[in-house]
Amino acid sequence: MSDPDRSARNYDAYITGLIAREEPTHQETREAMLRSGLPQIAVSASEGKLLHVLALAIGARRILEIGTLGGYSGAWLATALPDDGKLITLELNERHAEVARASFDAAGLAAKAEVRVGPALASLDAMIAAGEAPFDLAFIDADKDGYVDYLERALALVRRGGLILADNTLPDAVLDPSADSGAKRLNAVAAAHPELTSIIVPVLRGDGLDGLLIAVKRA
Ligand code: SAH
Ligand code: DHB
Ligand code: MG
């Protein structure tokens, strides 16, 4: 018998093939991102399905995303919403936002998914100042240097019992432990935060691992 292939890619292929299958619209979103030359840094299908399952599990009706890119993770999140649910997703880059809007349109998600362009910190502060209705879930996935600020703003915008998630929380923290990194600082703040109960879950991405921080804002 040959050695079992314990590579992350092999595990991810099994999960994705069985239980994290992309809808045609997910594939179209990835193709649109490739055609438009966007960086290939979206979540994997298996991580996208995890986001979707978490949103469903808490009955999310309002979701905040920080870092839209082409709308790939946004599509996994928005499809977990009820018909009258809302995803507000924040993106700095106008070109990325255009790709995302077109993808949401093509996927029939335009009524649920709103892309707001600008620096996320300014958008978040404007939402807090305007008394934006609370969110059930926030997914942090923009510039890593902003992560601690985004967590603080997400804490103000998410309801008690809601979830704050953050992508890319493992490699920087583990592979170069002496280096400063926004994700590592986020992990430390979440771990010590009196209002949060948190865990970092390894997720499969290409041929390696990344991490998803999952934090509950306690009731
Ligand atoms: N969530 C996406 C991937 C996001 S990649 C997915 O998985 O499909 C990170 C995105 O954050 C990029 O599109 C980048 O332009 C955006 N970004 C970087 N700095 C930002 C900032 N200060 N405010 C808002 N978005 C920012
Ligand atoms: C990068 C950003 C991401 O959100 C990600 O999931 C992977 C890589 C990056 O900026 O390199
Ligand atoms: Mg990411």
Side-chain angles (χ1 to χ4, degrees), residues 8 12 20 22-23 25-34 36-52 54-55 63-80 87-104 107 109 113-127 137-154 164-176 179 181-184 186-187 200-214:
D12 200 29
E22 292 185 320
E23 302 289 334
T25 54
H26 289 125
Q27 289 167 16
E28 284 156 20
T29 297
R30 279 199 292 104
E31 282 158 18
M33 290 167 57
L34 266 179
S36 308
L38 267 51
Q40 294 179 59
I41 55 176
V43 296
S44 60
S46 56
E47 186 181 354
K49 183 68 183 285
L50 175 57
L51 299 174
H52 181 95
L54 289 169
I63 298 178
L64 172 65
E65 180 179 63
I66 304 170
T68 313
L69 192 61
Y72 183 78
S73 55
W76 282 104
L77 287 165
T79 50
L87 169 75
I88 297 179
T89 179
L90 310 179
E91 174 55 53
L92 178 64
N93 184 307
E94 176 63 52
R95 213 166 52 83
H96 296 184
E98 278 311 314
V99 173
R101 286 191 187 108
S103 292
F104 290 140
L109 294 169
E114 179 190 337
V115 186
R116 293 192 186 167
V117 177
L121 197 55
S123 298
L124 292 164
D125 283 338
M127 291 166 93
L137 186 158
F139 175 49
I140 301 171
D141 194 19
D143 56 307
K144 312 313 162 197
D145 286 343
Y147 264 31
V148 170
D149 287 334
Y150 301 150
L151 175 64
E152 185 190 303
R153 282 11 177 233
I164 300 174
L165 313 176
D167 191 31
N168 311 116
T169 53
L170 220 34
D172 289 357
V174 174
L175 300 182
D176 192 359
S181 107
K184 194 165 74 174
L186 170 92
N187 292 341
I200 300 164
V201 176
V203 291
L204 298 164
R205 167 97 42 115
D207 56 8
L209 292 179
D210 209 306
L212 181 70
L213 175 85
I214 304 178

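Starting from 1, each residue takes its place in the sequence as its number. We count ligands from 1, going down the list as the structure has it; atoms in each ligand are counted the same way.
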With heavy atoms of Glu65 as the reference, note each atom of ligand 1 found under 4.0 Å away.
-> 1 (N)
Under 3.5 Å: N/O of Ser73 near N/O of ligand 1 | yes
Ligand 2 contact on Ile41 by region, counting heavy-atom pairs under 4.0 Å | both
May I ask you to list the atoms of ligand 2 that are less than 4.0 angstrom from any heavy atom of Asp167?
-> 6 (O)
Would you say ligand 1 has an N or O under 3.5 Å from any N or O of Ala120?
-> yes
Who's closest to atom 12 (C) of ligand 1 heavy-atom-wise, of Lys144, Glu91, Arg116?
-> Glu91
Would you say Gln27 has more than 12 foreign heavy atoms packed within less than 6.0 Å of its CD?
-> yes
Before signing off on this row, confirm whether Ala142 and ligand 1 have an N or O atom pair separated by under 3.5 Å.
-> no
Start with the C-alpha gap between Thr79 and His52, add the side-chain angles, then the distance that decides, and say whether side chain to side chain donor-acceptor pair (under 3.5 Å) holds.
-> CA-CA 7 Å; Thr79 50; His52 181 95; 3.3 Å; yes
Heteroatom N/O/S of Ser73 within less than 2.8 Å of the Mg ion (ligand 3) | no
Number the atoms of ligand 1 from 1 as they appear, then name those within less than 4.0 Å of a heavy atom of His96, with their elements.
-> 12 (C), 13 (O), 15 (O)
Ligand 2 atoms in contact with Arg205 (distance to a heavy atom under 4.0 Å) | 5 (C), 6 (O), 7 (C)
Proximal ligand 1 atoms for Ile41, defined as those under 4.0 Å from one of its heavy atoms | 5 (S)
Nearest option to atom 4 (C) of ligand 1, as decided by whichever heavy atom of Asp149, Asp141, Val117 sits closest = Asp141
Please name the pair of heavy atoms, one in Phe104 and one in Ala75, separated by the smallest distance, quoted to 0.1 Å.
-> CE2-N, 3.8 Å
Where's the contact between Leu38 and ligand 1, heavy-atom distance under 4.0 Å: side chain, backbone, both or neither?
-> neither
Side chain to side chain, Asp167 and Ile140, heavy atoms closer than 4.5 Å = no
Quick one: does Leu209's side chain get under 4.5 Å of Pro171's, heavy atoms only?
-> no
For ligand 1, which atoms have a heavy atom of Pro119 less than 4.0 angstrom away?
-> 23 (N)
Going by an N to O cut-off under 4.0 Å, is there a salt bridge joining Arg101 and Glu98?
-> yes
Atom 25 (N) of ligand 1: nearest protein contact (heavy atom, Å) = Leu92 N, 3.1 Å
Taking both backbone and side chain into account, is any N, O or S atom of Asp167 nearer than 2.8 Å to the Mg ion (ligand 3)?
-> yes
Atom indices of ligand 1 within 4.0 angstrom of Tyr72 heavy atoms, with elements = 8 (O)
Numbering as shown, the atoms of ligand 1 that approach Ala42 to under 4.0 Å (heavy-atom distance) | 6 (C), 7 (O), 8 (O)
Determine whether the side chain, the backbone, both or neither of Tyr150 has a heavy atom under 4.0 Å from any heavy atom of ligand 1.
-> side chain
Would you mind listing which atoms of ligand 1 come within a distance below 4.0 Å of any non-hydrogen atom of Gly118?
-> 23 (N), 24 (C)
